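Both counts, for ligands and for their atoms, begin at 1 and track the order of listing. These figures come from a predicted structure and were not determined experimentally.
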Amino acid sequence: MLFMRDKLGRKINYMRISVTDRCNLFCLYCKKEKLSFKPPEEILRYEEILRVARIAISLGISKIRITGGEPLVRKGITGFVSELSSLPGLEDISLTTNGILLAEFAKPLYKAGLKRINVSLDTLKREKFKDITGEDEFGNVWKGIENVLAAGMNPVKINVVLLKGINEDEAADFVALTKDERITVRFIELMPLGIQRENNRKLFVSLDEVLKNLKNIYEMKVYDSGNNLGPATYYRVKNCGLVGFIGSISGCFCGDCNRLRLTASGYLKPCLWSDKAVNIKEILRAGAPDAEIAEILRKAIREKPAEREINKKVSFPMSEAGG
Ligand code: SAM
């Protein structure tokens with residue numbers, strides 16, 4: 001099978017596409033000013049994203065995740081998913097959402113060809129949800145998860161960012177959710193990124209600690225499916241299901257990184273932790289042929305750093321780069 005390799009020989013077959021920098025939540029570790037979203041003309045049009053995706057697939061990208069901002073706030077998202085999923089050669093298409101609009105979108109997205117959804121949910125308590133996100137939407141997110149399962153998309157992965165003194169006490173409750181085998185929970189370490197980077201350092205919780213505490217409650221065994229399941233280390237929990245740990249800070253997955261990101265405003269970013277980015281929007285809009293676009297994709301891959309630089313001040317917010 002065709003695929004691209006970067007200068008270190010890493011196989012690059014996965015692209016995360018942020019379709020909007022807009023979000024309907026203002027999470028305390030991610031939020032930006034409400035009025036600082038980019039004007040529509042600075043955001044890639046769907047046909048531009050589809051063109052980049054088609055060319056990327058021809059070079060060996062086989063997995064695409066749609067993210068944002070909040071992807072479900074962008075008008076026409078179902079039609080976009082339908083067109084994306086019909087591109088020949090794309091083997092896996094998934095979406096990451098905060099779930100607020102999922103109750104309404106679950107079935108249409110499934111029909112449009114989406115088979116996997118990750119929902120970001122940091123608390124199981126309604127009041128705390130409001131404190132973390134700024135909105136009283138817990139009930140809608142939960143309804144969304146139920147509708148995703150009812151639509152036949154399972155397992156649903158729930159991604160939880162643990163925050164010191166805020167929701168770290170809920171880890172065991174999240175594990176209990178996996179008693180429903182259709183739900184997989186993944187804990188993610190908070191990264192010092194975006195305008196909240198300094199505050200995020202104070203809220204950081206090490207997943208080593210979390211795992212140690214959970215092992216006092218649950219019997220957990222490392223689970224290796226034999227497939228490459230990405231950066232998470234999974235555990236099978238006795239009488240429950242699968243729980244993943246993504247130690248974004250305490251671990252380093254750079255050696256296996258297979259990702260390229262396309263930001264909402266059309267930058268190809270070879271690493272979340274770097275400001276290195278190649279502007280593909282200008283080239284697209286200047287009427288470049290496919291071969292030139294392909295060269296820009298190759299250039300972005302050539303520029304992929306060997307390792308992330310955790311202490312660097314990265315100016316791309318997560319909402320733009322696509323978490
Ligand atoms: N709106 C969608 C959602 O909520 O899933 C997609 C975009 S959001 C930026 C993607 C994920 O990034 C969410 O799970 C969010 O919790 C996570 N995230 C945002 N800022 C983060 C940070 N500084 N460290 C770790 N995860 C972060």
A.B. asks: Judging by distance only, is a nitrogen or oxygen of G68 under 3.5 angstrom from one on ligand 1?
C.D. replies: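 Looking only at distances, the answer is no, because the N/O contact criterion of under 3.5 Å is not met.
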
A.B. asks: Which of the numbered atoms in ligand 1 are below 4.0 angstrom from a heavy atom of L190?
C.D. replies: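 Counting atoms of ligand 1 from 1, those under 4.0 Å from L190 are 22 (C), 23 (N), 24 (N), 25 (C).
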
A.B. asks: Indicate yes or no for a side-chain donor-acceptor contact from N118 to the backbone of T96 under 3.5 Å, with no hydrogens or angles considered.
C.D. replies: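 Side chain of N118 to backbone of T96: no pair is present.
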
A.B. asks: Keeping the roles fixed (side chain from N13, backbone from I61), state whether a donor-acceptor pair exists under 3.5 Å.
C.D. replies: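 Not at all, since once roles are kept as given, no pair shorter than 3.5 Å links the two residues.
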
A.B. asks: Hey, which atoms in ligand 1 end up nearer than 4.0 Å to a heavy atom of E189?
C.D. replies: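 Result: 25 (C).
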
A.B. asks: Distance to the ring centre below 6.0 angstrom and angle to the axis at most 45 degrees; does that hold for R236 and Y223?
C.D. replies: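 Pair R236/Y223 counts as cation-pi.
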
A.B. asks: At less than 4.0 angstrom from any non-hydrogen atom of N200, what atoms of ligand 1 do you find?
C.D. replies: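 Close to N200: 23 (N).
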
A.B. asks: Among residues two or more places apart or on two chains, list those pairs meeting ring pair (Phe, Tyr, Trp, His ring centres under 6.0 Å) that have a residue in residues 78-137.
C.D. replies: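 Those involving residues 78-137 are Y46-F80.
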
A.B. asks: If the cut-off is 4.0 Å to any non-hydrogen atom of S120, which atoms of ligand 1 fall inside it?
C.D. replies: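 In order of numbering, the contacting atoms are 3 (C), 4 (O), 5 (O), 13 (C), 14 (O).
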
A.B. asks: With a cut-off of 4.0 Å, which atoms of ligand 1 are near a heavy atom of M191?
C.D. replies: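 Those of ligand 1 that fall under 4.0 Å from M191 are 22 (C), 23 (N), 24 (N), 25 (C).
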
A.B. asks: Check whether any N or O atom of Y29, backbone or side chain, sits under 3.5 Å from an N or O atom of ligand 1, and answer yes or no.
C.D. replies: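 Yes, since at least one N or O of Y29 sits under 3.5 Å from an N or O of ligand 1.
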
A.B. asks: Within ligand 1, which atoms have a heavy atom of T97 less than 4.0 Å away?
C.D. replies: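 So the atoms of ligand 1 that pass are 2 (C), 3 (C), 4 (O), 5 (O).
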
A.B. asks: Does ligand 1 have an atom that lies less than 4.0 angstrom from a heavy atom of P192?
C.D. replies: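 P192 does not count as a contact of ligand 1 under the 4.0 Å cut-off.
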
A.B. asks: Report yes if some N/O of G69 lies less than 3.5 Å from some N/O of ligand 1; otherwise report no.
C.D. replies: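 Such a contact does occur with ligand 1.
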
A.B. asks: Got a sec: does the CD of E219 have more than 12 other heavy atoms crowding it under 6.0 Å?
C.D. replies: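 No, not enclosed.
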
A.B. asks: Numbering the atoms of ligand 1 from 1, which are under 4.0 Å from a heavy atom of V161?
C.D. replies: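 It comes down to these atoms of ligand 1: 16 (O), 26 (N).
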
A.B. asks: Would you call R285 and E282 a salt bridge, taking side-chain N to carboxylate O under 4.0 Å as the test?
C.D. replies: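 Result for this pair is no, no salt bridge flagged.
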
A.B. asks: Between K299 and E292, does any side-chain N to carboxylate O distance fall below 4.0 Å?
C.D. replies: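 Not counted as a salt bridge, because no side-chain N and carboxylate O are separated by less than 4.0 Å.
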
A.B. asks: Does D122 reach ligand 1 with a nitrogen or oxygen that is under 3.5 Å from one of the ligand's nitrogen or oxygen atoms?
C.D. replies: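 No, D122 has no N/O under 3.5 Å of an N/O on ligand 1.
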
A.B. asks: For residues R16 and T67, is any side-chain donor paired with an opposing acceptor at under 3.5 Å?
C.D. replies: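 No.
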
A.B. asks: Would you check the N or O atoms of T67, main chain and side chain alike, for any that come under 3.5 Å of an N or O of ligand 1?
C.D. replies: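 For ligand 1, there is no N or O atom that lies under 3.5 Å from one belonging to T67.
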
A.B. asks: Quick test of your reading: applying ring pair (Phe, Tyr, Trp, His ring centres under 6.0 Å), list the pairs with at least one residue in residues 161-199, sequence neighbours left out, ordered by first then second residue.
C.D. replies: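 Pairs touching residues 161-199 that pass the test: F187-F245.
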
A.B. asks: R197: heavy atom below 4.0 Å from ligand 1, yes or no?
C.D. replies: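 No; R197 lies far enough from ligand 1 that no heavy-atom distance drops under 4.0 Å.
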
